[in-house]
Amino acid sequence: QVHLVESGGGLVQAGESLTLSCAAPRSISSIETMGWFRQAPGKQREVVASMTSGGSTNYADSVKGRFTISRDNAKNMALLQMNSLKPEDTAVYYCNALIYSLNYWGQGTQVTVSS
């Protein structure tokens with residue numbers, strides 16, 4: 001089965017930064033979109049950021065200007081640089097990849113931002 005491996009979560013104070021990474025198997029030749037969702041307790045899962053294979057990006061309004069997604073298509077990797085973190089960014093972040101029109105997920109990584 002296709003699986004995504006993600007890492008980079010942790011506990012930080014407001015205003016600090018974290019970088020999340022996500023990697024798909026190198027054997028996968030076509031990943032249409034990579035990105036992250038997040039889900040806080042009691043809230044619905046929301047899209048945080050995504051990037052297509054052609055380089056087009058989308059960001060949630062709440063993170064635009066603070067988060068930056070990048071992607072290395074040859075390595076099947078994506079990075080999410082999160083700057084100026086706020087307590088409301090606290091959530092489990094799930095990497096997602098669209099491969100042959102099917103969604104695949106990472107295991108999730110906890111991001112906790114204290115005030």
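What's counted below: heavy atoms across the whole structure, side chains too, no hydrogens, waters or symmetry copies.
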Give a yes or no answer on whether the side chain of [X] reaches the backbone of [Y] with a donor-acceptor pair at less than 3.5 Å.
X	Y	answer
Thr90	Val113	yes
Glu6	Gly108	yes
Ser50	Gly35	no
Gln107	Val5	no
Asn76	Ile28	yes
Glu32	Ser53	no

With a 4.5 Å heavy-atom cut-off, do [X] and [Y] have their side chains touching?
X	Y	result
Val111	Met82	yes
Gln39	Val92	no
Ile69	Tyr59	yes
Val47	Asn58	no
Leu80	Arg38	no

Item checked: Leu11 reachable from Leu18 in the ILVMFWY side-chain graph, under 4.5 Å edges ->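 They do not share one cluster, since no chain of ILVMFWY contacts under 4.5 Å joins Leu18 to Leu11.
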
Next item on the list: List the steps and the verdict of side-chain contact (heavy atoms from CB on, under 4.5 Å) for Ser62 and Phe67.
Entry: CA-CA 9 Å; Ser62 60; Phe67 291 11; over 6 Å; no

What heavy-atom pair brings [X] and [Y] nearest, and what distance separates the two atoms?
X	Y	result
Cys95	Trp36	N-CD1, 3.6 Å
Pro87	Ser115	CG-CB, 3.9 Å
Ala23	Met77	CB-CG, 4.0 Å
Ser21	Leu79	CB-CD2, 3.6 Å
Ala97	Met34	CB-CG, 4.3 Å
Thr33	Arg71	CA-NH1, 3.7 Å

For the atom pair [atom1] ([X]) and [atom2] ([Y]), what is the distance rounded to the nearest 0.5 Å?
X	Y	atom1	atom2	answer
Asn83	Thr19	CG	OG1	7.0 Å
Leu85	Arg66	CG	CZ	6.5 Å
Ile99	Ser30	CD1	OG	8.5 Å
Cys22	Trp105	SG	CH2	10.5 Å

Notebook entry, point to check: Hey, mind stepping through Ile31 and Asn73 against side-chain contact (heavy atoms from CB on, under 4.5 Å) and telling me if it holds?
Noted result: CA-CA 8 Å; Ile31 302 178; Asn73 292 335; over 6 Å; no

